[in-house]
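Numbering of residues begins at 1 and proceeds along the displayed sequence.
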Amino acid sequence: MGSATMLEMDSLDFLSFVEILGERSGIRIEDEDTTRLTTLNGGADFLLARAG
C-alpha cells in the first residue's frame, strides 16, 4: 500500500487507477512501472516519456 499512499489511495484504488490510465492513454504499464505513478509529476513524466 505504500506506493499508493502519496496519491492518498488504497491499494485497490491505485490498481484501478493504473489500469484505467493505461487503457485511456493506450500505453502499456508494467508492474515495475507503477512506482513511477505514485505522484502526479511522476505519472506525467512517465506518460510523456512513453508517448514521445
Q) Can you get from Ile27 to Leu48 by hopping between Ile, Leu, Val, Met, Phe, Trp and Tyr side chains that sit under 4.5 Å apart? A) no

Q: Would you mind checking if Asp33 and Arg28 are paired as a salt bridge, meaning a charged N to carboxylate O distance below 4.0 Å?
A: no

(Q) If you define the side chain from C-beta out and look only at heavy atoms, does anything of Leu21 sit under 4.5 Å from Leu47? (A) yes

Q. When clusters are formed by joining ILVMFWY residues with side-chain heavy atoms under 4.5 Å apart, either directly or through shared neighbours, do Leu40 and Ile29 land in the same one?
A. yes

Q: Dump the intermediate steps for side chain to side chain contact (heavy atoms under 4.5 Å, CB included) on Val18 and Phe14, then the final yes or no.
A: CA-CA 6 Å; Val18 170; Phe14 184 72; 3.9 Å; yes

(Q) Just verifying a value: how many Å separate Ser25 OG and Ile20 CD1, rounded to the nearest 0.5 Å? (A) 11.5 Å

Q: Could you grab the distance from atom CZ of Arg50 to atom CZ of Arg36, nearest 0.5 Å is fine?
A: 7.0 Å

Q: Could you pull out the closest heavy-atom pair between Leu37 and Gly43, with the gap in Å?
A: CD2-CA, 3.7 Å

Q) At what distance, to the nearest 0.5 angstrom, does CZ of Phe46 lie from OG1 of Thr34? A) 9.5 Å

